[in-house]
Amino acid sequence: FSQVPTMADRGGNLADVLDSHGNPVTLIDPLTGGLLNPSAPSQILSTQIDTVGQNVINLYPLPNLTAAQRQQHGGNNYFADQTAPRNENSFDVKINHSIRESDSLSGHYTYDDYTSTNPAPLGSLGGEFCCPNNGENKAQTSGISWTHLFSPSVVNSLQGGYTRYLVHANPFNLGKNLGDQLGIPNANRGDSVSSGLPYFSISGYTPLGDSAFTPEFVAENIYQIGDTISIVHGKHSIKVGIDFLRQQRNFFQTQYPRGE
């Protein structure tokens with residue numbers, strides 16, 4: 001449920017906007033301190049409406065709830081039933097191979113790709129500060145191990161592995177320079193990071209625009225290699241080894257890349 005501008009609001013007639021006493025608002029000219037429109041105190045003249053502001057207001061959908069429905073839902077006048085699709089594809093592969101009696105190899109590979117949409121009240125127009133997006137999480141892991149028997153009581157195991165994890169959280173309007181189309185210079189700067197719809201927080205209405213924290217990119221790599229030797233001597237067993245792990249995390253996120 002959302003609060004969106006009515007047709008009257010779009011034309012500058014704010015008589016349906018009430019002050020703290022329940023009366024229609026009186027609009028004040030910020031330059032003079034007097035009434036903005038003495039003949040109609042709640043009306044903004046068309047010559048006084050900024051072109052960019054009008055373009056922004058016109059982006060909103062029109063109200064679709066009746067007066068009775070608005071009373072049931074906190075005064076909100078618009079409803080949209082948003083979907084949140086989730087899709088996942090994954091598979092695993094494992095191979096075991098015996099080279100000879102004293103040597104064996106094994107390897108595995110796992111792939112998982114998960115895409116999702118975290119919806120917003122106004123669909124592709126947004127409506128929340130954080131964090132409606134089209135997202136993709138992709139994970140891949142692989143490993144190989146070699147086991148060698150020096151003797152029945154001495155066994156060596158060498159393992160290596162690699163894991164890669166990716167996260168992409170993109171704004172709904174990725175690749176669209178909607179800020180430029182609204183007439184806001186430099187909101188979109190010709191790159192994918194600043195593309196989309198700038199975020200607008202307008203008093204009395206549901207916010208408008210792509211999430212303030214998208215796009216977000218994460219790429220994590222984990223490299224691992226280890227070796228273990230096991231020795232059995234009589235009633236005693238000894239296991240010693242070494243393990244090397246390198247973790248690389250790349251993260252990019254900025255706030256309001258399209259402006260606010």
Side-chain angles (χ1 to χ4, degrees), residues 82-120 128-172 174-175 191-196 210-257:
Q82 307 294 347
T83 60
R86 305 283 190 268
N87 296 289
E88 185 171 13
N89 297 290
S90 63
F91 66 85
D92 298 281
V93 177
K94 186 174 182 179
I95 298 175
N96 295 313
H97 177 60
S98 179
I99 303 174
R100 59 182 68 88
E101 186 174 349
S102 60
D103 293 282
S104 63
L105 288 173
S106 68
H108 73 272
Y109 175 75
T110 298
Y111 174 91
D112 184 84
D113 185 38
Y114 179 81
T115 59
S116 63
T117 295
N118 183 21
E128 286 184 347
F129 173 70
C130 179
C131 289
N133 69 86
N134 289 319
E136 179 179 19
N137 292 11
K138 183 181 293 184
Q140 300 176 80
T141 62
S142 60
I144 188 170
S145 65
W146 169 36
T147 301
H148 176 71
L149 278 69
F150 289 101
S151 70
S153 60
V154 181
V155 180
N156 189 81
S157 179
L158 176 66
Q159 307 97 21
Y162 172 66
T163 298
R164 180 169 175 82
Y165 181 65
L166 295 175
V167 175
H168 288 171
N170 290 314
F172 291 135
L174 180 70
D191 55 74
S192 61
V193 172
S194 65
S195 68
D210 283 309
S211 169
F213 296 104
T214 58
E216 174 189 340
F217 305 110
V218 178
E220 185 170 349
N221 299 297
I222 300 175
Y223 308 88
Q224 186 174 13
I225 187 170
D227 187 80
T228 303
I229 186 167
S230 301
I231 302 172
V232 177
H233 182 71
K235 296 181 179 180
H236 305 283
S237 63
I238 301 174
K239 180 180 286 188
V240 294
I242 188 172
D243 187 65
F244 172 79
L245 179 71
R246 182 186 179 189
Q247 184 173 7
Q248 179 188 64
R249 182 173 176 84
N250 304 288
F251 179 82
F252 173 82
Q253 185 183 61
T254 186
Q255 188 173 357
Y256 298 114

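For reference, positions follow the sequence shown, starting with 1.
- For the atom pair Asn137 CG and Ser116 OG, the distance stands at 6.5 Å (nearest 0.5 Å).
- When all heavy atoms of Pro132 and Cys130 are compared, the pair lying nearest together is CD-C, 3.6 Å.
- Qualifying salt bridge (Lys or Arg N to Asp or Glu O under 4.0 Å) partners for Arg100, counting only residues two or more places apart in sequence or in other chains: Asp103.
- With rounding to the nearest 0.5 angstrom, the OH atom of Tyr109 is 15.0 Å from the CD1 atom of Ile144.
- The shortest non-hydrogen separation linking Phe172 to Asn118 is CZ-O, 3.2 Å.
- Between the CG atom in Leu149 and the OG atom in Ser104 there is a gap of 7.5 Å [rounded to 0.5 Å].
- Using a 30° and 60° split on the angle between ring planes, Phe150 and His148 fall in the perpendicular class, above 60°.
- In this structure a side-chain-to-backbone donor-acceptor pair under 3.5 Å is present from Ser151 to Val154.
- Looking at Glu136 and Asp113, their side chains come closer than 4.5 Å, going by heavy atoms from C-beta outward.
- In this structure, Ala169 and Asn133 approach most closely via the heavy-atom pair CB-OD1, 3.8 Å.
- Of the inter-residue distances, the one linking Ser142 atom OG with His108 atom NE2 reads 6.5 Å to the nearest 0.5 angstrom.
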Distance-only donor-acceptor hits, side chain of residues 214-227, under 3.5 Å, sequence neighbours excluded:
residue	atom	partner	partner atom	Å
Thr214	OG1	Ser211	O	3.1
Glu216	OE1	Gln253	NE2	3.3
Glu220	OE1	Arg249	NH1	3.1
Glu220	OE2	Gln247	NE2	2.3
Asn221	OD1	Tyr162	OH	2.8
Asn221	OD1	Arg164	NH1	2.7
Asn221	ND2	Gln248	OE1	2.8
Gln224	NE2	Asp243	OD1	3.2
Gln224	NE2	Asp243	OD2	3.4
Asp227	OD1	Asn156	ND2	2.9

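- Within 6.0 Å of CZ on Arg86 lie more than 12 heavy atoms contributed by other residues, nucleotides or ligands.
- Ser157 and Gln159 share a donor-acceptor pair across their side chains, judged by distance under 3.5 Å alone.
- Counting heavy atoms from C-beta outward, Tyr111 and Thr141 have side chains that stay 4.5 Å or more apart.
- A pairwise comparison of heavy atoms in Ser194 and Pro257 identifies CB-O, 3.6 Å as the closest pair.
- Ser195 places a side-chain N or O within donor-acceptor distance of the main-chain N or O of Gly175, the cut-off being under 3.5 Å.
- Side-chain contact check for Ser145 and Ser106: at least one donor-acceptor pair (N or O, by modelled atom type) lies under 3.5 Å.
- The distance from atom CD of Glu88 to atom OG1 of Thr115, rounded to the nearest 0.5 Å, is 9.0 Å.
- Under a 3.5 Å cut-off, the side chain of Asn87 and the backbone N or O of Tyr114 do not form any donor-acceptor pair.
- With a 6.0 Å radius and a threshold of 12 heavy atoms from other residues, nucleotides or ligands, Leu245 has its CG atom above the threshold.
- For Ala120 against Gln82, the heavy-atom pair with the smallest separation is O-CG, 3.2 Å.
- Within the model, atoms CD1 of Ile229 and NZ of Lys239 stand 11.5 Å from one another, a figure rounded to the nearest 0.5 Å.
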Where do Asn134 and Leu174 land on the side chain to side chain contact (heavy atoms under 4.5 Å, CB included) test, with the steps shown first? CA-CA 9 Å; Asn134 289 319; Leu174 180 70; over 6 Å; no
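- A 4.5 Å side-chain heavy-atom check between Phe129 and Phe213 finds at least one atom pair inside the cut-off.
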